[in-house]
Amino acid sequence: MKKLSKSLVIGLVALLLVIVAANSAYTVRENQYACTVRFSKIISTTAQPGLHFKVPFLDSVKYFSKASMLYDIPPSEVLTSDKQNMTVDCYILWSIEDPLRFYQTLGSTVTAEQRLDALTYNALKTVMGTLAQADIINMEDGGKRNDIYEGITTTVDNQANTYGIHVEDVKIKRFDLPESNLNAVYSRMISERNQMAEKYTADGNYEASIIRNNVDKQVNILISDAKAEAAKLEADGEGEYMRLLGEAYNTADKQDFYEFTQALEALKSSLTGDEKTVILDADSALGKILMGAYGN
């Protein structure tokens with residue numbers, strides 16, 4: 001009986017030692033901060049990975065991530081410099097830089113995201129309040145957008161340092177118009193583009209008419225010059241022909257031969273049709289040819 005009681009005591013002591021040892025040790029991963037909490041107060045903080053020890057039953061361990069975290073901020077409305085509402089959808093990359101301050105001021109990731117939401121919205125509201133809605137909609141310069149992002153990031157980071165948070169980046173995913181005036185703005189943009197298209201078309205038609213008129217003028221000038229040159233060449237050719245003809249038939253015999261060939265050509269032309277009857281004067285050149293009297 002005494003041996004049984006002694007064995008039971010030894011077993012209980014061993015179990016107690018195991019429990020104490022289990023509650024005295026904890027491990028820290030490479031991507032974690034570990035904060036030892038005693039009576040709701042952090043008494044130590046470590047970022048060193050490995051096995052660590054604490055006072056059993058009195059101390060607890062609170063873990064926080066070292067990794068960058070992405071928080072997708074719900075879309076919110078901001079007011080532009082020309083008093084127009086716009087919906088901004090953005091996200092923020094952040095990480096815990098000082099776990100002690102983070103635990104003391106916020107305590108949890110959920111609370112941190114709520115605070116970051118408010119800080120980012122205030123920064124966006126301030127920056128968007130300096131820009132007109134038309135400038136935001138037509139913002140095509142990537143460098144200008146990056147300047148806006150960097151300014152917002154710097155502002156939010158400076159304010160978040162109070163909570164032991166480092167803000168790495170703030171990016172705007174989309175600028176949008178509220179549903180109430182979205183269709184009105186689209187209609188205005190379509191109307192403006194149609195007016196621009198009509199102006200470009202009118203200017204193009206005007207330029208085309210000027211080009212066509214100039215081309216038609218040049219064509220008419222070229223045609224007139226060509227006709228005048230052709231008439232001159234034709235007149236010169238006729239003159240040269242007559243001169244050569246006069247030189248070729250400069251004697252009586254040659255002139256008679258020329259008249260004879262001309263008469264034959266006339267006869268040939270008159271006999272090309274279906275009608276083969278020719279009425280001629282006996283004294284005509286053709287009559288003399290047919291009667292055999294030419295040259296007698």
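Scope of the values below: all heavy atoms of this structure, side chains included, with no hydrogens, waters or symmetry mates. Positions are given from 1, in the same order as the sequence printed here.
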Check: D117 and E113 side chains under 4.5 Å, non-hydrogen atoms:
no
What pairs meet the ring pair (Phe, Tyr, Trp, His ring centres under 6.0 Å) rule with one or both residues in residues 71-101, with sequence neighbours excluded?
none
Taking all heavy atoms of N205 and all of R212, pick out the closest pair and write down the distance.
O-NH2, 4.5 Å
Rounded to the nearest 0.5 Å, what separates atom CG in L124 from atom CG in L119?
11.0 Å
Would you say V167 and L93 make side-chain contact, with heavy atoms under 4.5 Å?
no
Could you tell me if the side chain of C90 sits less than 4.5 Å from the side chain of I172, heavy atoms only?
yes
Report the distance from atom CD1 of I73 to atom NZ of K171, rounding to the nearest 0.5 Å.
13.0 Å
Check for a donor-acceptor pair, side chain of Y33 on one end and backbone N or O of I96 on the other, with a separation under 3.5 Å.
yes
Which value, rounded to the nearest 0.5 Å, describes the distance between E238 atom CD and E234 atom CD?
6.0 Å
Could you grab the distance from atom CZ of R29 to atom OG of S65, nearest 0.5 Å is fine?
10.5 Å
Holding to salt bridge (charged side-chain N to carboxylate O under 4.0 Å, His left out), I want the full list of residues that pass it with E229, two or more places apart in sequence or in another chain.
none
Hey, could you give me each pair passing side chain to side chain donor-acceptor pair (under 3.5 Å) that has a residue in residues 157-166? Not counting sequence neighbours.
R115-Y163, D157-H166
Report, one line per pair, each donor and acceptor closer than 3.5 Å where one atom sits in a side chain of residues 219-227; sequence neighbours left out.
from : atom 1 : to   : atom 2 : distance (Å)
N220 : ND2    : D216 : O      : 3.2
S224 : OG     : N220 : O      : 2.9

Measure from the side-chain N and O atoms of S95 to the backbone N and O of K66, and report whether any donor-acceptor pair falls under 3.5 Å.
no
Rounded to the nearest 0.5 Å, how far does OG of S108 lie from CZ of F102?
6.5 Å
More than 12 heavy atoms of other residues, nucleotides or ligands under 6.0 Å from CD of E30: yes or no?
no
When rounded to the nearest 0.5 angstrom, what is the spacing between CD in E168 and CE in M69?
9.0 Å
With a 4.5 Å limit on heavy-atom distance, are the side chains of I165 and L106 in contact?
yes
Residues pairing under side chain to side chain donor-acceptor pair (under 3.5 Å) where one sits in residues 119-128, two or more places apart or in two chains, turn out to be none
Go through L79 and N85 one step at a time and tell me if the side-chain contact (heavy atoms from CB on, under 4.5 Å) criterion holds.
CA-CA 5 Å; L79 197 65; N85 284 331; 3.2 Å; yes
Could you list the residues that satisfy side-chain contact (heavy atoms from CB on, under 4.5 Å) with E240, not counting sequence neighbours?
R243, L244
